[in-house]
Amino acid sequence: TAQEKQFVPGLMYRSGPYAPNGVPFANGLADYFKMVNAKGGINGVQIEYEECDTAYNNDRGVECYERLKKPGAAAITPLSTGITYALIDRATADKIPVLSMGYGRTAGSDGTVFPYVFTLPATYWSGADVIVNHIAQNEGGYDKLKGKKIALVYHDSAYGKEPIGTLEALAAAHGFELSLFPVAHPGLEQKATWLQIGRQLRPDWVLMWGWGVMNSTAIKEAAAVAYPMDHFIGIWWSGSEQDVTPAGDQAKGYKSANFHGTGTDYPAIKDIIKLVQDAGNGTGPRDEVGTVLYNRGVMNGAIIVEAIRTAQDKYGKKALLGEQIRDGFEALNIDAARLEAMGLTGFMEPIKITCADHEGTGRAFIQQWDGKGWNKVSDWIEPNRAGLLRPMIVEAAAAYAAEKGIKARDCK
Amino acid sequence: MLYREAGQFKTDYAADQAIFPILQDRIFLGLFLLLALVAVPLLANEYWLSTILIPFLVFSLAAIGLNLLTGYCGQLSLGTGGFMACGAFFAFKLATAFPDLHIAVVFLLAGVGTAGVGILFGIPSLRIKGFYLAVATLAAQFFLVWVFNKFPWWVNYSSSGVISAPAREIVPGFFITGTQASPVTKYVFLLVFVAILALVAKNLVRGKMGRSWMAIRDMDIAAEIVGIRPLHAKLSAFAISSFFIGIAGALWAFIYTGSVEALAFQIDRSFQVLFMIIIGGLGSILGSFLGAAFIVLLPIFLNNTMLAVDPSISTAIVSHIEFMIFGALIILFLIVEPHGLARLWQITKEKLRLWPFPY
Amino acid sequence: MSETRDRIGDTLLAVENVSLAFGGVRALSEVSFEIREHEILAIIGPNGAGKSSMLNVINGFYHPQDGAITYKGNKRKQMRPHHAAATGIARTFQNIALFKGMSTLDNIMTGRLLKMHRNFLWQALYWGPALREEMEHREAAERIIDFLEIQSIRKTPVGRLPYGLQKRVELGRALAAEPDLLLLDEPMAGMNVEEKEDMCRFILDVSDEFGTTIALIEHDMGVVMDISDRVIVLDYGRKIADGTPDEVRGNPAVIDAYLGVSH
Amino acid sequence: MSDALTLTRGDRSAGDDRRPILQVNNIEVIYDHVILVLKGVSLSVAEGGIVALLGANGAGKTTTLKAISNLLRAERGDVTKGTIEFAGERVDRLSPYELVKRGVIQVMEGRHCFEHLTIEENLLTGAYTRRDGRAAIQQDLEKVYTYFPRLKERRASQAGYTSGGEQQMCAIGRALMSRPKMILLDEPSMGLAPQLVEGIFETVKRLNDEEGVTFLLAEQNTNMALKYARYGYILENGRVVLDGDAKTLADNEDVKEFYLGLSASGRKSYRDVKHYKRRKRWLA
Amino acid sequence: MTAPRAFLPWLIAVPVAIGSIGLLFQLLGGLVPSFFFAWGYYFEVLIAGLLQGVMYSLVALGFVLIFKASSIFNFAQGSMALFAALTMVGFMEMGVWWPFAFIISAGVMVLVAVVIERVVLRPLVNQDHIILFMATIGIFYILDGLGQMLWGSDVKVLDIGIPRDPMFALGAIFEGGILINQYDFVAALTGGVLVAVLAVFFQYTRTGRALRAVADDHQAALSVGIPLKTIWVIVWSVAGIVALVAGIIWGGKAGVQFSLALIALKALPVLILGGFTSIPGAIIGGLIIGAGEQVAEVFLGHFVGGAIQDWFAYMLALVFLVFRPQGLFGERIIERV
Ligand SMILES: Nc1ncnc2c1ncn2[C@@H]1O[C@H](COP(=O)(O)OP(=O)(O)OP(=O)(O)O)[C@@H](O)[C@H]1O
Ligand SMILES: Nc1ncnc2c1ncn2[C@@H]1O[C@H](COP(=O)(O)OP(=O)(O)OP(=O)(O)O)[C@@H](O)[C@H]1O
Ligand SMILES: [Mg+2]
Ligand SMILES: [Mg+2]
């Protein structure tokens, strides 16, 4: 029936230590759904979106999940690596897809072991590879990396530890020297870290896997030891306006990875402004639209909607069950034409998901802060998935399967 | 009228020392257990079981543990989170290193291990008291979490530092951990397990050990002069308290969330358990349960109610209001009854006994 | 009186040249005296004379800078209070030191802790030998409760009890340890005559029935003179008199320092 | 019971011939919402009088004093019925601070010195409410030291480390420092050497004579109390059971027996008190 | 205050300790080459630590004030700092010049103090310390929720013009000079001044005495006519204003947002090390903790995997406590029977 609604839960955080970053993301996600609904829903099926506030807290996340889960839930967005870890088993048992977009368990990209986990469009491992690739380009080729010193400043948690394995593999392959600097939650204290980096180690490049207040603090401390900003690159969670504005002018030149466009120059986002914000229906303030995290929320929404749409192609234009939408995810193929139709051309790279590979291309680009906005300073960079990452993922997934006694799916 | 003890005479001291000396209380308890063991699993839905009842039971155990130390022995500790982490990671190492070990034994051994750690961190309590000790226990809190977060051996070298509970059965066919475990089995297992441990705790506190703890709590100098050795009393309190808390940590990781990283046992966890025992009642086993129920339920209840009243309000506002109400209720409860819910319950019973007279 | 004299035996505890100072304050200087078995010894003296400090030295809470204490033939300079308790010294306190959160019964039971030996696994079960042990001691505690006539407050938390009853419970706790030497610090302070009478009766009964040696500090001269076998007087940390009540009462130094003219 | 005594219940005029400065009318006090401790206590204290409040342990003396000085609320107690008037004004809802300013101060049972403050600092806190300048305070300090020379010796020690008696002196001295009109003394003689007890009562008398301070004292040392007080109330089980002139009370047979330890044949030795003597009570 | 002569040993001990730790590292540097470092670097770390330490002291100071006056361990101190800073930024965002915003926010903090006294402290007078502690956790929640509800939870930039550029000192002695963070320097200076002023105020006034009396025994303080109400309002107001200063300084560093409330945790080791009741203790404790943890993190951290700062501060404090259970300058714990 036309009145049917597709339920989509969202585990967001608008309170707690990470709220400043959680809020714009949540707003973008909500606004995108509102826009889709305003345009008549997905093939006439309206989206019923419900949020639950996790405060970035794992057990609150589990509670939210249990509260919101139902067979008709399209996909879970945990928005926290920790919560993703806690939900993988549950969601698998409940047959609800988990979309951990650019975070979560990297091994989850192996669809044979994790049938309900989707890590598109990129994982941390891809992110690490992309950033190192960018460094190599700047240095004039991978061979120039030999003997270079690269430091990683990371949030001392499951999230921050994710890239270490990849970076170690890359260091071994290309001969650079990797130094690790963990930062304890919440990350307000990095004085010692940056004295070591800026005054003793003096690395050629610094990478950062930070979140929340850790990012801005790091940028300020880096400035305080006069570390050159343009040699300081964060992962996509360390590259939003919230991270650079508190540091003011000192943040100029800071770089980060990203996998979607910023600004409002995309038809879909213009639609949001027109149909949602201008209609007085915006979840957050108008000037938030187009910021990095807001747009990431939009992208998250777009992918869910596309997955639902794909699933509808197979199961009919009505509200579907989570496991049906999982099939939609696995058949997801957002090509240039689809992007055009979605009004997101140039916003993101085409994505194609298969039963075995839940990540897609893993492509990202590097952006740089000029004091006012983010500028794209590199092309889309293709990580070395086939040669390096994919085998690592398969191995990690196999280890998990062994530990849990899971029998891998056959995707042939 | 119904709640009178008149006519119930005790003929020996054992009967007088029973936990529930009054017949009505025993009947009530029996009914309650029946309800909890039979009716609840039949009636409660999955949400209730797995997000309210299961964490409630796990927290109750942690609260009992902390109550032994803080409520009975008077040693204020903010290291609960750290000790829960010990339990969780010890259990994980044991369960993965010895896959054939029965899971209940794993839990108990994890508790024993935690008890050892507890003794270690209890040593300073011989010199340090009150809030100084409380802050000093934070050393344990931060250090332990750091250890489990830092050394990959604890997580069997998983790259992210997250452990997930291997699937184990309590009796053949009934999984209590892993993906196959149903909330009902988990709940029933927890209920029985926690009830037994609570009984043990109750026995300890009403016997020799409990008395020496309480003596230390009420006046350590006098206790020593009566002949209690502060070293023994305090360290045994730390050990047994940590034993309970360690088991709670293991249950948390294995049965409640199924997978945790060390950071799940941050300092907030310590405070949460501390709330429980203060709100529930220091020095009361029943209070530990009441406090756990209160602290687990209240935020969820507030959150759900607000959303039910007006589904359109932003979750941010809901969270903030929830925070404020939570805080206000804590203060209100303390003002109404500083000795906690257990005391309130006792007063109610006393009033019931006097009813219909006011005093 | 003569039966009392017969009762008194050898030296149980001897204090030799004990000196104790806190910073500049000399609480005790070179005090020597002895306590004989089965006697009731009163220690009196003006406020701040060092009486309580003396008891603290005896049961190991204060460690004297100088001098030694011989108890049951063993000479010692220092010991921890719980050792003192283990060797049979029990006491009550000037400012009541009961365990406020516990009931009267539990307070008295703590007095018996040293006599309970079941390990904690048995305690955890609260069954079999542990239960039997618990009951044995409960009976002993009940005997003390009967003796002190505090049956009605058995289950009351002591914090709520009036002062006089608290003092009585404290005595009960000390008695529960079945001590050889009982130290009482102003057991009758804050009581009216009637209650003092009761307390005296308890003290005399303890002495008679159990043969316990008692050292007590008291400011009520009526009580001291009536019930003690011997009195020692401290002033400014020094012992200024030692003798039978009558001897002490007549001693001019004592009258001067302590009793005042009107007595 | 002797005929010379009046059984008072709310009979306020029985106090003294002088103007009553404190009137307690039929108050009821409940602790913890359930424990009823005072069951309608009335008493009155004449201006410039010394009134003794006698009674066994737990009779409610302390509670009565705390009800007057408004310290009950800090113990989860509450005056649920009745009124309290001081100098004609109702004071049962005033804060202790206001009361001290009006000149009513209590010396609490069990000393309650500020452990970490020195003796002198303790005394000075007593002068907190005063606004008459350092010199006057200094003068009173000296006066307190003349009453209690021992305190002068120990002036620089932390109160927590002084002996029981020294603390008692400190507590009384501290109250004196506020220049009160009326002092509620709770067991002032407890733990003091006989010489000092006398000293304290002499001090009370002196303050009463020379400065007109009114006293209401709860005391176990009935002997002393009746010697110095002009009027007395006997409390039992939260009720006033007997009141009258100090003299009359002291002559009362029952009072003699139960509170003064005198029998027909004079003072009897504590050694000779009979076993199994049961208390006689006015109220069961 | 502790007599001046008590500070003398410190004057000698501290440089000796600093020097010998440095030497120790030098020696280690001889054994493990990766360990080698320049003295200039060592001092840089040390100075950074000391400056950081004073900033901890600023937060610890708020705790001390309240503890001194009421034996309350005020867990809400961190959220008071957050709330105060949020309020100040809120007003600045409305276009109020920052000194005015400061005054208004201070006023708001006084109001908060009045409300806390009325609603929380007064009904809980004479309760166990742990109950009051718990009540302050309640306050923590309320302030947290209220602050974010009123002012939103996004990161706010608080800039009152404290310079931030790196500054190099003593270039003549050490190669390349010693890096000093100007911001930290100004912050530490503010902290130092505040501590000094408060120490004097509370030590040499009648109020100071009354405060300590209240801390010892609520009921006795009431009985001698110390108006708890007024005392508490004063103390909580001062603590609120201290929180405001702390909030401004920390907020200026990290942006004003929720995590600010967590800096309270960093103040706790400072607090126990210095002693709960000592204002000078707060600053000395801060210096020791700040320097200790910074040096440890930089020179020991990488042997064990880093991020040891958090627990190291507590362990350091713990070790001190075992020798002095009341902290360095805390009042002696009176044990008598
Ligand atoms: N805070 C309290 N909570 C509950 N009951 C109390 C409290 N304080 C006193 N009581 C009870 O009130 C009764 C009267 O106590 P109160 O202290 O007034 O007696 P008192 O006459 O001063 O005795 P004493 O001579 O021993 O000092 C006692 O039975 C006591 O148990
Ligand atoms: N721990 C201590 N630290 C410092 N001084 C102390 C300590 N204990 C006792 N004193 C001092 O030693 C002296 C003797 O004290 P003690 O308590 O023995 O007196 P007392 O004879 O019992 O007096 P009272 O009859 O008043 O109880 C007092 O001046 C007291 O201040
Ligand atoms: Mg004494
Ligand atoms: Mg009394």
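Order of the sequence lines fixes the chain letters, A, B, ..., with proteins taken first and strands second; residue numbering starts at 1 for each chain. For the numbers below, each heavy atom of this structure counts, side chains included, while hydrogens, waters and symmetry mates do not.
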Practice task
Taking the side chain as every heavy atom from C-beta outward, state whether E186(C) and M190(D) have any atom pair closer than 4.5 Å.
Solution key: no
Practice task
Examine whether an atom of E219(D) lies under 4.5 Å from a heavy atom of chain C, and if so say whether it belongs to the side chain, the backbone or both; otherwise answer neither.
Solution key: neither
Practice task
Heavy-atom distances under 4.5 Å only: say whether K51(C) touches chain D with side chain, backbone, both or neither.
Solution key: neither
Exercise for the section: Please round to the nearest 0.5 Å and tell me the distance separating atom OH of Y236(C) and atom CD of E153(D). Expected result: 3.5 Å
Practice task
Heavy atoms only, distances under 4.5 angstrom: which of V197(D), L192(D), N221(D), T222(D) has the most pairs with chain C? Name it, please.
Solution key: L192(D)
Practice task
Would you give the length of the straight line joining atom CE of M188(C) to atom CD of Q220(D), rounded to the nearest 0.5 angstrom?
Solution key: 13.5 Å
Problem - For R154(D) against V25(C), the heavy-atom pair lying closest together - result: NH1-CG2, 2.9 Å
Fill in the blank from the handout: Counting heavy-atom pairs under 4.5 angstrom with chain D, the leader among K196(C), M225(C), E218(C) is K196(C)
Exercise for the section: Please report the shortest heavy-atom distance between A193(D) and G45(C), naming the atom on each side. Expected result: CB-O, 4.4 Å
Practice task
Pick whichever of Q166(C), M191(C), H219(C) has the most heavy-atom pairs under 4.5 Å with chain D.
Solution key: H219(C)
Practice task
Sort L204(C) into side chain, backbone, both or neither according to what part of it lies under 4.5 angstrom from a heavy atom of chain D.
Solution key: side chain
Exercise for the section: Please say whether more than 12 non-hydrogen atoms of neighbouring residues, nucleotides or ligands are located less than 6.0 Å from CZ in R238(C). Expected result: no
Practice task
Determine, stepwise, if the pair N47(C) / Q168(D) fulfils side-chain contact (heavy atoms from CB on, under 4.5 Å).
Solution key: CA-CA 10 Å; N47(C) 294 113; Q168(D) 183 68 52; over 6 Å; no
